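Have a look at the structure below before the remarks.
For ligands, and for the atoms within them, numbers begin at 1 and follow the listed sequence. The shown structure was predicted, so the numbers you read here are calculated from the model rather than taken from an experiment. One-based numbering along the sequence shown. Because only heavy atoms are used, hydrogens play no part in the values below, and waters and symmetry mates are left out as well, while side chains stay in.
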Amino acid sequence: MVDVILGLQWGDEGKGKIVDFFAKDYDIIARFQGGPNAGHTLYVGDKKIVLHQIPSGVFHQNAINLIGNGVVLDPVTLRKESDTVASFGVDLKKNLFISERTHVILPTHRALDKAAELSKGDGKIGSTLKGIGPAYMDKTGRNGIRVGDLLHKNFTTSYIKLRLKHQRLLDNYNFSEEISNWEEEFFDAVDFLKTLNIVNGEYFINEHISKGKKVLAEGAQGSMLDIDFGTFPFVTSSNTISAGVCNGLGVAPQKIREVIGVSKAYCTRVGSGPFPTELQDETGELLRKTGSEFGATTGRPRRCGWMDGVALQFACMINGVTSIVMTKADVLDAFEELSVCTSYKIDGQEVNQVPYQMSKAVIEPQYKIFKGWKKKTSAIKKPEELPAEMHQYIDFINQYLGVPISYISNGPGRDQIVKTGSQKTKI
Ligand code: GDP
Ligand code: IMO
Ligand code: MG
């Protein structure tokens with residue numbers, strides 16, 4: 001069976017920490033989509049680590065980590081990360097497996113990402129510029145190179161052909177940056193990648209499942225960045241929702257048991273695009289400062305605002321979320337009052353649904369106000385010790401969403417998490 005952990009907002013919900021926390025109970029941790037645009041932070045002791053390509057179960061000796069076919073893989077990032085985890089005694093040759101169907105991010109994909117963003121001017125997506133969009137375009141355009149192809153004697157010929165195609169596109173953009181250094185490190189990293197375990201991912205995972213092994217699928221980005229259901233066009237290029245697990249790993253829908261949604265106790269977004277509850281004032285600034293809201297991949301300041309119940313309910317619906325882990329609850333310790341958006345006003349009408357073209361609608365969020373708890377919560381271990389005002393906040397969200405909040409995360413550390421007891425789930 002497969003359980004899933006994924007983000008319910010615009011990414012950076014704290015998935016890395018939560019996957020690391022649950023990983024001890026699983027045999028395989030598998031990434032099913034996205035690429036090095038992800039930045040998943042976790043702590044080993046007091047050491048902070050940010051993972052981009054490798055699943056967040058890598059620090060658990062008994063777990064196998066799988067990069068699924070739905071991921072786009074940059075060999076250069078993987079190689080750098082391999083060095084990082086090696087300094088903690090983790091040998092990827094032993095516990096990382098990569099699907100041969102996984103598409104490879106080439107240096108020209110990164111260049112194309114940059115050229116395309118530059119050409120959009122003010123309308124830019126705010127991409128992480130890791131080559132994600134162009135790599136997925138080559139997948140759906142049936143041009144891309146897959147990890148299995150790296151082992152093939154025709155690889156260099158396929159690379160040169162695709163590079164020429166990309167060069168023509170880059171010329172159209174008048175992109176003149178020199179990328180030969182990128183290519184040098186790319187080919188070195190490809191040689192390294194070839195020494196890792198490259199497997200038929202779909203048989204690999206299904207054989208483990210049929211032997212009774214437990215799989216934890218780790219999402220990247222968040223539901224509101226999903227290519228189909230997110231705030232298009234300000235989205236990423238993959239299906240970040242639970243449906244992405246099936247085509248990103250090759251597992252059947254009946255194999256999925258729990259869908260654990262991770263949501264911050266408030267909301268953030270990095271990059272451009274609609275964000276109805278954004279606070280462009282001192283409250284937003286306080287959230288950013290208290291929550292250290294700066295991107296784990298790009299270092300950009302994250303836009304901050306109150307929890308958006310409408311978007312969260314939408315995310316629960318499309319993912320089939322069975323329980324929620326609410327992270328960064330401790331960040332709200334500092335606030336006198338908290339707000340949760342419970343509906344939108346669009347053209348004078350109150351609505352409870354996310355409009356299909358959120359980027360075109362003028363949305364006025366309608367809020368329910370809560371009293372803050374004004375108490376330090378980061379050392380709390382038991383649900384009964386959480387402040388009454390926090391219980392009121394959680395109970396309301398539980399009820400509003402119709403999904404239990406099973407855990408509250410109250411700090412970045414591995415052990416800063418409280419099981420609420422309000423869960424019917426198996427986790
Ligand atoms: P991810 O992309 O979903 O894995 O999230 P990121 O790692 O990009 O961003 C989450 C940030 O919040 C990281 O710096 C984490 O260390 C931190 N974090 C995670 N959970 C908590 C929490 O409960 N409280 C606080 N204060 N920080 C947290
Ligand atoms: P994790 O897994 C937050 C955002 C970018 C941009 C848009 C498209 O750490 O939660 P892309 O690089 O995919 O072309 O960027 O998506 N974005 C993320 N925002 N967390 C992420 O990943 C993100 N990955 C991409 O900022 O707005
Ligand atoms: Mg992140």
Thinking salt bridges, do [X] and [Y] make one under a 4.0 Å N-O criterion?
X    : Y    : result
E177 : K114 : yes
D27  : K214 : no
K375 : D333 : no
R303 : E278 : yes
R288 : E293 : no

Which one holds for [X] and ligand 2: side chain close, backbone close, both close, or neither close, with close meaning a heavy atom under 4.0 Å?
X    : answer
W10  : backbone
T297 : neither
R300 : side chain
H40  : side chain
V270 : both

Starting from [atom], find the nearest protein heavy-atom neighbour and note its residue, name and distance.
atom                    : answer
atom 20 (N) of ligand 2 : D12 OD1, 3.1 Å
atom 13 (O) of ligand 2 : T236 OG1, 2.6 Å
atom 12 (O) of ligand 2 : T128 OG1, 2.5 Å
atom 10 (C) of ligand 1 : D12 O, 3.7 Å
atom 8 (C) of ligand 2  : V235 O, 3.4 Å
atom 9 (O) of ligand 1  : R302 NH2, 3.4 Å
atom 27 (N) of ligand 1 : K328 CE, 3.4 Å
atom 15 (O) of ligand 2 : S127 CA, 3.4 Å
atom 23 (C) of ligand 2 : Q221 CG, 3.6 Å
atom 6 (C) of ligand 2  : G126 O, 3.2 Å
atom 16 (O) of ligand 2 : L225 CD2, 3.7 Å
atom 24 (N) of ligand 1 : D330 OD1, 2.8 Å

- [ ] Tell me, yes or no, whether the heavy-atom count around N62 atom CG, taken from other residues, nucleotides or ligands under 6.0 Å, exceeds 12.
- [x]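 No, the 6.0 Å shell around CG holds no more than 12 heavy atoms from other groups.
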Open item on the list: With a 6.0 Å cut-off (strictly less than), is the heavy-atom count around CD of Q399, excluding the residue itself, greater than 12?
Closed with: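 Result for CD/Q399: open.
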Check: [X]/[Y] side-chain N/O donor and acceptor closer than 3.5 Å:
X    : Y    : answer
D20  : H40  : no
E258 : T322 : yes
T268 : K264 : yes

Can you find an N or O of [X] that's nearer than 3.5 Å to an N or O of ligand 1?
X   : value
G14 : yes
T41 : yes
K48 : no
K15 : yes

Task: ligand 2 to E13 polar contact by distance, N or O atoms, under 3.5 Å - done: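 Between E13 and ligand 2, no N or O pair is found under 3.5 Å apart.
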Open item on the list: Under 6.0 Å from the ring centre and within 45 degrees of the ring axis: does the NZ or CZ of K368 meet both conditions for the six-membered ring of F396?
Closed with: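 Checked: cation-pi criterion met.
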Open item on the list: When you measure from the centre of the six-membered ring of Y159, is the NZ or CZ of K161 closer than 6.0 Å and no more than 45° off the axis?
Closed with: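 No; the conditions do not both hold, so K161 does not lie above the ring face of Y159.
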Open item on the list: Suppose we screen for side-chain contact (heavy atoms from CB on, under 4.5 Å). Which residues come up paired with E178, at least two apart in sequence or across chains?
Closed with: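 E178 satisfies side-chain contact (heavy atoms from CB on, under 4.5 Å) with S180 once adjacent residues are dropped.
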Open item on the list: Against S409, only a single residue in K328, E13, K17 fulfils side chain to side chain donor-acceptor pair (under 3.5 Å); can you say which?
Closed with: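 Of K328, E13, K17, side chain to side chain donor-acceptor pair (under 3.5 Å) with S409 is met by K17 alone.
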Do the side chain of [X] and the main chain of [Y] share a donor and acceptor less than 3.5 angstrom apart?
X    : Y    : value
H109 : D74  : no
Q221 : W10  : no
T102 : V147 : no

- [ ] For the residue pair S263 and M307, establish whether any side-chain heavy-atom pair is separated by less than 4.5 Å.
- [x]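 Yes, at least one pair of side-chain atoms sits under 4.5 Å.
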Open item on the list: A side-chain contact here means heavy atoms from C-beta on lying under 4.5 Å apart; do C246 and I256 qualify?
Closed with: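 Result yes, sub-4.5 Å side-chain heavy-atom pair found.
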Task: Criterion side chain to side chain contact (heavy atoms under 4.5 Å, CB included) against R79, the qualifying member of L196, D188, L193 - done: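 That would be D188.
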Task: K24 and its side chain to side chain contact (heavy atoms under 4.5 Å, CB included) partner, picked from F22, Y26, F21 - done: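 By the side chain to side chain contact (heavy atoms under 4.5 Å, CB included) criterion, K24 pairs with just one of F22, Y26, F21: F21.
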I'd like to check which ligand 1 atoms, numbered from 1 as shown, lie under 4.0 Å from a non-hydrogen atom of [X].
X    : answer
H40  : 1 (P), 2 (O), 4 (O), 7 (O)
G411 : 20 (N), 21 (C), 22 (C), 23 (O), 24 (N), 25 (C)
Y43  : 16 (O)
A296 : 8 (O)
S409 : 20 (N), 21 (C), 22 (C), 23 (O)
G39  : 1 (P), 2 (O), 4 (O), 6 (P), 7 (O), 8 (O)
G16  : 4 (O)

Task: W182 versus A111, closest heavy-atom pair with distance - done: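 Taking every non-hydrogen atom into account, CZ3-N, 3.7 Å.
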What part of [X], side chain, backbone, both or neither, has a heavy atom within less than 4.0 angstrom of ligand 1?
X    : value
N410 : backbone
K17  : side chain
Q9   : neither

Open item on the list: Taking only non-hydrogen atoms of G39, do any sit less than 4.0 angstrom from ligand 2?
Closed with: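 Within the 4.0 Å threshold, so yes.
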- [ ] Please state whether K15 comes within less than 4.0 angstrom of ligand 2, counting heavy atoms only.
- [x]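 The answer is yes: ligand 2 sits under 4.0 Å from a heavy atom of K15.
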TODO: With rounding to the nearest 0.5 Å, note down the distance linking CG in L225 to CG in N37.
DONE: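 Reported value, rounded in 0.5 Å steps: 9.0 Å.
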- [ ] With heavy atoms of A38 as the reference, note each atom of ligand 2 found under 4.0 Å away.
- [x]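 Answer, ordered by atom number: 1 (P), 2 (O), 9 (O), 22 (O).
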- [ ] Mind checking how many protein N/O/S atoms fall short of 2.8 Å from the Mg ion (ligand 3)?
- [x]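 Total protein N/O/S atoms under 2.8 Å from the Mg ion (ligand 3): 2.
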